[in-house]
2 protein chains.
Amino acid sequence: MTEPQWLNPEERRAWLAVASLMFRLPATLESQLQRDEDLTVAGYMVLAMLSESATRECRMSKLAELTNTSQSRLSRIVARLEKDGYVTRAMDANDRRVVLARITEAGVAKIAAAAPGHVAAVRAAVFDRLDEEQVRQLAAISRTLLGDELPYLPE
Amino acid sequence: MTEPQWLNPEERRAWLAVASLMFRLPATLESQLQRDEDLTVAGYMVLAMLSESATRECRMSKLAELTNTSQSRLSRIVARLEKDGYVTRAMDANDRRVVLARITEAGVAKIAAAAPGHVAAVRAAVFDRLDEEQVRQLAAISRTLLGDELPYLPE
DNA sequence: GTTGATTACTTGCAATCGAAACTAATGTAG
DNA sequence: CTACATTAGTTTCGATTGCAAGTAATCAAC
């Protein structure tokens with residue numbers, strides 16, 4: 001532990017900016033989806049991951065990893081999506097501990113309806129403001145920081 | 001609106017990594033502070049901002065901006081810090097709508113005790129993993145994305 | 001094949017949050 | 001001076017969260 005105990009001025013300035021971004025950006029995306037589609041960002045991501053899956057279904061634990069949430073949180077998110085008719089849950093016949101979440105037709109329709117607005121919000125908040133070089137830098141930095149925690153991303 | 005409707009493959013991959021980071025990093029910092037100091041990240045930031053202020057006090061609305069929270073959320077955060085003895089609230093004599101939050105001695109001691117662990121967590125999660133060039137890139141990107149929403153940062 | 005550990009998921013509880021409603025003080029227009 | 005709008009902050013409500021405890025199925029060891 002020979003690390004300096006505090007951040008140096010450049011690190012400090014960098015951190016304050018990163019921290020601001022880290023708190024404000026999710027809130028921006030959250031409020032757009034909430035206002036326009038009555039969806040949580042987490043709920044959106046669940047639907048997005050399921051809709052992009054070849055089988056349209058996924059086990060809960062994997063879904064939790066893909067959507068960067070805890071298992072308990074995911075459980076409640078999927079419960080809500082199920083109540084709203086966007087997802088169904090079924091036991092896996094091979095391993096009856098496993099629950100497979102499957103997106104419904106209504107869920108596919110919902111994500112199709114919600115995507116343009118959400119993508120526009122992401123564009124407006126991020127990609128419209130960066131040039132290609134910065135996008136590459138940001139992607140590389142994010143992957144480095146995630147390290148081994150980068151969830152496996154379905155094709 | 002001639003924007004493409006979806007993200008291109010490079011943007012998409014970049015976004016998935018950024019989004020993962022954006023959800024996981026706050027959770028990491030939150031759990032460290034919670035576990036070791038029984039503090040919220042938001043509560044930590046409030047104490048940090050107050051302790052760095054020359055007068056050791058700050059009006060609620062400015063504090064909300066500095067800590068990237070809504071006014072209503074800040075109100076509850078400060079109420080909790082006050083209950084724990086780290087902050088006091090007083091009416092501003094000049095404008096009696098204004099509330100000045102002031103950090104107490106116990107609050108100063110608390111932030112001093114909490115800072116090393118929190119800084120270590122920030123280092124471990126971010127600065128230890130990036131080289132100087134990447135730190136500069138990340139800072140520049142963050143400031144660009146924040147745009148005019150970069151809160152005024154006290155010296 | 002029974003016991004104990006592990007894995008997968010859910011749920012109870014207390015705490016927290018965002019949105020909107022609310023109180024109270026100040027500013028402004030006539 | 002008297003409305004009316006605006007600003008500052010708090011609070012209420014329903015919903016969400018994390019943690020820890022719970023249920024249930026599978027696995028591993030003997």
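Here is the naming used below: chain letters follow the sequence lines, and residue numbers restart at 1 for every chain.
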Subject >> Residue whose nearest DNA chain C nucleotide is more 5′ - A:Ser72 or A:Ala27 >> reply: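 On the 5' side of the pair lies A:Ser72.
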Rounded to the Å, how far apart are [X] [atom1] and [N] [atom2]?
{"X": "B:Glu82", "N": "D:dG9", "atom1": "CD", "atom2": "C1'", "answer": "13 Å"}
{"X": "B:Lys83", "N": "C:dA15", "atom1": "NZ", "atom2": "C1'", "answer": "10 Å"}
{"X": "A:Lys62", "N": "C:dT7", "atom1": "NZ", "atom2": "C1'", "answer": "16 Å"}
{"X": "A:Leu63", "N": "C:dT10", "atom1": "CG", "atom2": "C1'", "answer": "15 Å"}
{"X": "B:Leu33", "N": "D:dC19", "atom1": "CG", "atom2": "P", "answer": "13 Å"}
{"X": "A:Asp38", "N": "D:dT16", "atom1": "CG", "atom2": "C1'", "answer": "13 Å"}
{"X": "B:Arg80", "N": "C:dC17", "atom1": "CZ", "atom2": "C1'", "answer": "14 Å"}
{"X": "A:Leu74", "N": "D:dT16", "atom1": "CG", "atom2": "C1'", "answer": "14 Å"}

Subject >> Nearest to side-chain heavy atoms of B:Arg59, which nucleotide of D:dG9, C:dT10, D:dT17 >> reply: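 Nearest nucleotide to the side chain: D:dG9.
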Keeping [X] on the side-chain end and [Y] on the backbone end, is there a donor-acceptor pair under 3.5 Å?
{"X": "B:Thr40", "Y": "B:Gly43", "answer": "no"}
{"X": "B:Asp84", "Y": "B:Tyr86", "answer": "no"}
{"X": "B:Glu82", "Y": "B:Arg89", "answer": "yes"}
{"X": "B:Ser75", "Y": "B:Gln71", "answer": "no"}
{"X": "B:Thr104", "Y": "B:Gly85", "answer": "yes"}

Original post:
How would you label the contact of A:Arg89 with the nucleic acid (heavy atoms, under 4.0 Å): base, sugar-phosphate, or nothing?
Top reply: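 If one applies the 4.0 Å heavy-atom cut-off, A:Arg89 turns out to touch the sugar-phosphate alone, with no base involved.
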**OP:** Tell me what A:Ser70 touches on the nucleic acid: a base, only sugar-phosphate, or nothing, going by heavy atoms under 4.0 Å.
**Re:**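 Touches sugar-phosphate only.
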Original post:
Where along residues 90-99 of chain B does a heavy atom come under 4.0 Å from DNA chain D, residue by residue in number order?
Top reply: B:Arg97, B:Val98, B:Val99
On the nucleotide [N], are OP1 or OP2 found under 4.0 Å from the side-chain N or O atoms that [X] carries?
{"X": "B:Gln71", "N": "D:dA8", "value": "no"}
{"X": "B:Ser61", "N": "D:dG9", "value": "yes"}
{"X": "A:Arg76", "N": "C:dT10", "value": "no"}

[X] bridged to [Y] by N-O distance under 4.0 Å:
{"X": "A:Glu10", "Y": "A:Arg13", "result": "no"}
{"X": "A:Arg59", "Y": "A:Glu65", "result": "no"}
{"X": "B:Lys62", "Y": "B:Glu57", "result": "no"}

**OP:** Could you walk me through whether A:His118 and A:Leu39 pass side-chain contact (heavy atoms from CB on, under 4.5 Å), step by step?
**Re:** CA-CA 10 Å; A:His118 177 64; A:Leu39 271 184; over 6 Å; no
Subject >> the helix from C:dG1-D:dC30 to C:dG30-D:dC1: angle between end helix axes, five pairs per end, rounded to 10 degrees >> reply: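 That helix gives 20° between its end axes.
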Subject >> Contact check, side chains of A:Gln134 and A:Arg129, non-hydrogen atoms, under 4.5 Å >> reply: no
**OP:** Take B:Arg73 and A:Ile77, find for each the nucleotide of DNA chain D with the closest heavy atom, and name the residue whose nucleotide sits nearer the 5' end.
**Re:**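 First, find each residue's nearest nucleotide; the 5'-ward one identifies B:Arg73.
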